[in-house]
Chemist: 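Have a look at the structure that comes next, please.
All values derive from a computational prediction rather than experimental measurement. Values below: every heavy atom of this structure, side chains too, minus hydrogens, waters and symmetry copies.
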Amino acid sequence: MKVTVKILRYNPEKDKRPRYRTYHVEAEPTDRVLDVLEKIKGYQDGSLSFRRSCAHGICGSCAMRINGMNRLACKTLIKDLHSDKIVIEPLLGLPLMKDLIVDMKPFFEHYQSVKPYLINDEPPPLTERLQSPEERERFDDTTKCILCAACTTSCPSFWSNGQYVGPAAIVNAHRFIFDSRDRGAAERLRILSDQFGVYRCHTIFNCTLACPRDIQITKAIGEVKRAIATGSLD
Ligand code: SF4
Ligand code: F3S
């Protein structure tokens with residue numbers, strides 16, 4: 001099939017503002033959007049810039065807006081778009097660097113601000129820090145995050161104020177707050193209760209719809225809100 005691909009292009013050295021360019025590409029219905037981008041870059045326009053790495057839905061590099069929705073280009077099949085017209089744009093809410101590449105620095109600063117690592121100063125036991133399957137289940141969903149930013153950059157609260165820590169940071173805080181081996185929950189809940197924390201979330205659900213890992217993000221944010229409100233992790 002022939003697909004028409006409209007891509008928002010921007011070269012900071014030449015362009016005053018982003019503009020669309022259209023390409024016509026021969027593709028299989030089972031090709032991924034990433035394959036189409038590679039074909040354009042390889043055979044039509046080598047200056048096209050986008051991020052990709054593993055190409056298998058694990059590294060989170062190729063998140064972009066595809067027909068108006070945040071998705072991973074490597075997990076999106078042409079046939080699943082139900083159209084031979086594809087519009088590809090960079091993620092919203094982060095500074096645009098070039099073509100489909102945005103500056104991820106603010107995103108990772110929010111991520112780092114919630115201390116996304118195990119905190120436990122107690123002397124280590126002789127064997128592992130044990131955990132029951134039930135205790136592990138408590139935060140299993142939020143361990144699946146690949147830090148692609150599709151959630152945070154689809155959130156209207158984040159668009160309106162980039163200081164909002166955003167759903168991805170809350171997901172990664174949740175992953176440790178509810179880990180029975182961790183002792184940093186109180187500190188993270190204090191960080192997330194400030195004016196740019198969880199209460200900027202108005203339960204809009206765009207984040208949950210955008211997540212390529214199907215993480216129940218809005219539910220996780222609700223659990224963090226409840227922990228702050230009740231002072232309990234139960
Ligand atoms: Fe991506 Fe989902 Fe993680 Fe958000 S929670 S960064 S959408 S994997
Ligand atoms: Fe935004 Fe998701 Fe909350 S889209 S408002 S973080 S439910």
Chemist: Salt bridge (charged side-chain N to carboxylate O under 4.0 Å, His left out) between D182 and R188: does it pass, once the steps are laid out?
Modeler: CA-CA 11 Å; D182 186 88; R188 293 193 197 88; 2.8 Å; yes

Chemist: Okay, side chain of T142, backbone of F139: is any donor-acceptor separation there less than 3.5 Å?
Modeler: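 Indeed, once roles are kept as given, a pair shorter than 3.5 Å links the two residues.
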
Chemist: I'd like to know if the side chain of K6 reaches the main chain of Y20, judged simply by a donor and an acceptor atom lying under 3.5 Å from each other, with no hydrogens or angles considered.
Modeler: no

Chemist: Can you name the side-chain hydrogen bond (donor to acceptor under 3.5 Å, both in side chains) partners of E109, sequence neighbours left out?
Modeler: K105

Chemist: Can you list the steps and then say if M64 with M69 is a side chain to side chain contact (heavy atoms under 4.5 Å, CB included)?
Modeler: CA-CA 8 Å; M64 53 188 74; M69 271 203 69; over 6 Å; no

Chemist: List the residues meeting side-chain hydrogen bond (donor to acceptor under 3.5 Å, both in side chains) with D45, not counting sequence neighbours, and say none if there are none.
Modeler: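 Applying side-chain hydrogen bond (donor to acceptor under 3.5 Å, both in side chains) to D45 gives R9, R21, Y23, S47.
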
Chemist: Crowded around E128 CD? As in, over 12 foreign heavy atoms under 6.0 Å?
Modeler: no

Chemist: Is the number of heavy atoms from other residues, nucleotides or ligands under 6.0 Å of K144 NZ greater than 12?
Modeler: yes

Chemist: Restricting to pairs with a member in residues 157-171, which pass side-chain hydrogen bond (donor to acceptor under 3.5 Å, both in side chains), not counting sequence neighbours?
Modeler: none

Chemist: Going by the side-chain hydrogen bond (donor to acceptor under 3.5 Å, both in side chains) test, which pairs reach into residues 49-75, not counting sequence neighbours?
Modeler: E38-R52, S49-K98, R65-E89, N70-T153

Chemist: Would you mind reporting whether R129 and P124 have side-chain heavy atoms less than 4.5 Å apart?
Modeler: yes

Chemist: side-chain hydrogen bond (donor to acceptor under 3.5 Å, both in side chains) with R181: which residues, sequence neighbours excluded?
Modeler: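 Only D179 meet the side-chain hydrogen bond (donor to acceptor under 3.5 Å, both in side chains) criterion with R181.
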
Chemist: Listed by chain and number, what are the ring-ring contact (aromatic ring centres under 6.0 Å, His included) partners of F178, not counting sequence neighbours?
Modeler: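 With neighbours one apart ignored, the set is H174.
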
Chemist: Is there a donor-acceptor pair under 3.5 Å between the side chain of D15 and the backbone N or O of P18?
Modeler: no

Chemist: Could D140 and R136 be called an ion pair, given the rule that one side-chain N must be under 4.0 Å from one carboxylate O?
Modeler: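 Between R136 and D140 there is a salt bridge, with a charged N closer than 4.0 Å to a carboxylate O.
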
Chemist: With the threshold set at 4.0 Å, does a side-chain nitrogen-carboxylate oxygen contact exist between K39 and D31?
Modeler: yes

Chemist: A quick test of your reading: do over 12 heavy atoms of other residues, nucleotides or ligands sit less than 6.0 Å from CZ of F108?
Modeler: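 Enclosed.
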
